[in-house]
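For the single chain, residues carry numbers from 1 onward in sequence order. Hydrogens, waters and symmetry mates play no part in the numbers below; they use all other heavy atoms, side chains included.
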Amino acid sequence: MLSKLMHKSARHQTILPGIDAISIKSDRTFPRHSHDEFGFGYVVDGGQESWSSRGLVEAEAGDTITVNPAELHDGTGREGHPRHWRMLYLTPAAIAELSDIPVENAEFSRPVNKSRRALRLAVDAIKSTTLDQPNRDHAEQLMILALAEQLQPTGSDNIAQASHRSNEVQTVLDMIFQNWAAPLSLADFAAETCTSKFQLLRRFARELGATPHAYLTQHRVKRAKDMIMAGTSLADTAIACGFSDQSHLTRTFSRQLGLTPGCFARSAIH
């Protein structure tokens with residue numbers, strides 16, 4: 001069955017610092033994962049239904065789509081009917097540079113936007129930043145316009161969401177953030193929180209929409225991406241991030257992000 005799935009992906013560096021452009025055409029289903037960056041783009045062709053911590057998301061060709069940092073989401077593919085989407089991923093520093101909204105309060109409030117104006121602005125922003133000979137000033141202006149169409153000055157929702165996390169779930173998150181390269185298990189989390197594995201798993205999944213294992217895996221992938229971008233070899237990155245070997249890293253990385261580690265390693269060399 002897997003051999004029938006269609007998947008093509010490409011990553012492009014842009015003229016603007018802290019911004020990557022990604023293009024994916026795929027009928028693959030992605031597991032729940034999150035990004036460290038803000039992401040916005042548009043569906044070129046096809047469509048998909050996905051779960052997000054902001055609710056059920058249905059996007060079709062011509063819709064603009066967004067994702068916030070740390071927002072868990074997935075993507076359900078339709079075998080034989082690949083969807084094609086293009087995205088820009090912006091670091092918090094890039095958002096701060098291009099918007100007058102404090103980055104801690106910046107949020108994409110709509111996971112899907114059907115506005116024709118939003119689509120035109122997103123298309124223009126992506127094109128202007130990935131030309132062979134881009135004009136940085138022009139690209140920056142178009143990026144600001146596209147962001148202004150999507151960003152909302154809020155942040156209260158994020159604060160409220162964090163405040164509703166139970167002590168047990170926050171303890172598990174702290175363990176993951178501080179010891180993500182260690183062989184952490186559900187038993188370790190349960191022991192640290194003085195709860196049963198069953199109780200902890202249900203609470204974590206209810207509050208965050210993923211299992212501790214899935215959350216730990218996607219966090220390791222993001223840290224691996226950082227190391228690769230810094231020039232660390234894939235073999236060394238795999239061991240440092242808790243993967244059994246380079247092949248294990250590559251399989252997990254590609255499944256989570258839709259791009260191979262090599263896409264990021266090549267840009268680190270240049």
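In this structure, CD1 on Ile144 lies 14.5 Å from CD on Glu149, to the nearest 0.5 angstrom. From Leu208, atom CG reaches atom CZ of Arg32 across 11.0 Å, with rounding to the nearest 0.5 Å. Between atom CG of residue Asn68 and atom CG of residue Leu151 there is a gap of 8.5 Å, rounded to the nearest 0.5 Å. Annotation: the span from Lys225 atom NZ to Leu249 atom CG amounts to 13.5 Å, rounded to 0.5 Å. Interatomic distance, Lys127 NZ to Asp124 CG, rounded to the nearest 0.5 Å: 7.0 Å. Going from atom CG of Leu142 over to atom CG of Asp137 covers 9.5 Å, rounded to the nearest 0.5 Å.
Contacts of Lys114 classified as salt bridge (Lys or Arg N to Asp or Glu O under 4.0 Å), with partners at least two apart in sequence or in another chain: Asp63.
Counting heavy atoms from C-beta outward, Val172 and Leu200 have side chains that approach closer than 4.5 Å. Here the side chains of Leu90 and Glu37 are not in contact, with every heavy-atom distance at 4.5 Å or above. Residues Pro261 and Ser254 are in side-chain contact: their nearest non-hydrogen atoms beyond the backbone lie under 4.5 Å apart. When side chains are defined from C-beta on, Trp85 does not count as touching Val44, because their heavy atoms never get closer than 4.5 Å. Inter-residue side-chain proximity for Asp245 and His248 is flagged as met; some heavy-atom pair is nearer than 4.5 Å. A 4.5 Å side-chain heavy-atom check between Asp20 and Thr14 finds every atom pair outside the cut-off. Phe108 places none of its side-chain heavy atoms less than 4.5 Å from the side chain of Val67. Contact check for Lys222 versus Gln218: side-chain heavy atoms found under the 4.5 Å cut-off.
Under the 3.5 Å distance criterion, with hydrogens and angles disregarded, a donor-acceptor pair is assigned to the side chains of Asp236 and Ser233. Defined by atom type and a distance below 3.5 Å, a donor-acceptor pair is present between the side-chain atoms of Glu71 and Ser52.
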From CA spacing to verdict: side chain to side chain contact (heavy atoms under 4.5 Å, CB included), Leu16, Ile19: CA-CA 6 Å; Leu16 300 177; Ile19 302 178; 3.7 Å; yes
> Passes side chain to side chain contact (heavy atoms under 4.5 Å, CB included), Glu140 versus Ile15? Steps please.
Replying inline: CA-CA 9 Å; Glu140 184 176 70; Ile15 187 63; over 6 Å; no
Go through the steps to decide whether Phe38 and Val103 satisfy the test side chain to side chain contact (heavy atoms under 4.5 Å, CB included), and finish with yes or no.
-> CA-CA 10 Å; Phe38 293 83; Val103 69; 4.1 Å; yes
### Criterion salt bridge (Lys or Arg N to Asp or Glu O under 4.0 Å) on Arg223 and Asp36, from CA distance to verdict
CA-CA 10 Å; Arg223 301 291 73 77; Asp36 288 337; 2.4 Å; yes
Test log, rule salt bridge (Lys or Arg N to Asp or Glu O under 4.0 Å), inputs Glu49 and Arg83:
CA-CA 11 Å; Glu49 181 179 287; Arg83 72 280 199 203; over 6 Å; no
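Judged purely by atom type and a 3.5 angstrom limit, Ser128 uses its side chain to pair as donor or acceptor with the backbone of Ala125. A donor-acceptor pair is defined here as one N or O able to donate and one able to accept, closer than 3.5 Å; no such pair exists between the side chain of Ser9 and the backbone of Ile24. For the pair Arg110 (side chain) and Gln150 (backbone), a donor-acceptor distance under 3.5 Å is absent. The backbone N or O of Trp51 lies less than 3.5 Å from a partner atom in the side chain of Asp74, making a donor-acceptor pair. The backbone N or O of Ala10 lies less than 3.5 Å from no partner atom in the side chain of His12, so there is not a single donor-acceptor pair. With hydrogens and angles ignored, the 3.5 Å screen pairs a side-chain donor or acceptor of Asp27 with a backbone N or O of Met6. In terms of modelled atom types and a separation under 3.5 Å, the side chain of Thr250 and the main chain of Gln246 share a donor-acceptor contact. Looking only at distances, a side-chain donor or acceptor of Thr129 sits under 3.5 Å from a matching main-chain atom of Ile126. Here the side chain of Thr64 pairs a donor or acceptor atom with the backbone of Asn113 at under 3.5 angstrom. With Glu207 contributing its side chain and Phe204 its backbone, the two residues share no donor-acceptor pair below 3.5 Å.
Shown here for His7 and Gly258, the closest heavy-atom pair between the two residues is NE2-O, 2.8 Å. Nearest heavy atoms, Ser109 versus Pro111: O-CD, 3.6 Å. When all heavy atoms are compared, the tightest approach of Gly62 to Leu119 is O-CD2, 3.4 Å. The two residues Arg220 and Gly242 make their nearest non-hydrogen contact at NH1-O, 4.1 Å. Taking each heavy atom of Gly18 and Ala94 in turn, the nearest pair found is O-CB, 3.8 Å.
Relative orientation of the His35 and His33 rings is perpendicular, given thresholds of 30° and 60° on the angle between their planes. Ring pair Phe253/Phe264 is perpendicular by interplanar angle, where above 60° counts as perpendicular and below 30° as parallel. Under the 30°/60° scheme for interplanar angles, the aromatic rings of His219 and Phe177 are found to be tilted.
With Ser23 as reference, His84 is the one residue of Arg11, His84, Lys8 to meet the side chain to side chain donor-acceptor pair (under 3.5 Å) rule.
Residue Leu259 is grouped with residue Val43 when hydrophobic side chains (ILVMFWY) are merged at heavy-atom distances under 4.5 angstrom, including chains of intermediate members. Met87 and Val57 fall within a single hydrophobic cluster, where Ile, Leu, Val, Met, Phe, Trp and Tyr are joined by side-chain heavy atoms under 4.5 Å apart, directly or via other members. In the hydrophobic clustering of this structure, Met175 groups with Leu173; members are Ile, Leu, Val, Met, Phe, Trp, Tyr whose side-chain heavy atoms approach within less than 4.5 Å, directly or through other members. Linking Ile, Leu, Val, Met, Phe, Trp and Tyr residues whenever their side-chain heavy atoms come within less than 4.5 Å places Leu88 and Tyr42 in a single cluster. Residues Ile228 and Val221 share a single hydrophobic cluster, defined by chaining ILVMFWY side chains whose heavy atoms lie under 4.5 Å apart.
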Taking only distance into account, with no hydrogens and no angle test, what donor-acceptor pairs under 3.5 Å do side-chain atoms of residues 180-195 form with protein atoms, sequence neighbours excluded?
from	atom 1	to	atom 2	distance (Å)
Ser185	OG	Ala187	N	3.4
Ser185	OG	Asp188	N	3.2
Ser185	OG	Asp188	OD2	3.1
Asp188	OD2	Ser185	N	2.9
Thr193	OG1	Phe189	O	2.8
Thr193	OG1	Ala190	O	3.3
Thr193	OG1	Thr195	OG1	2.9

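Surrounding CD of Glu97 are at most 12 heavy atoms belonging to other residues, nucleotides or ligands under 6.0 Å away.
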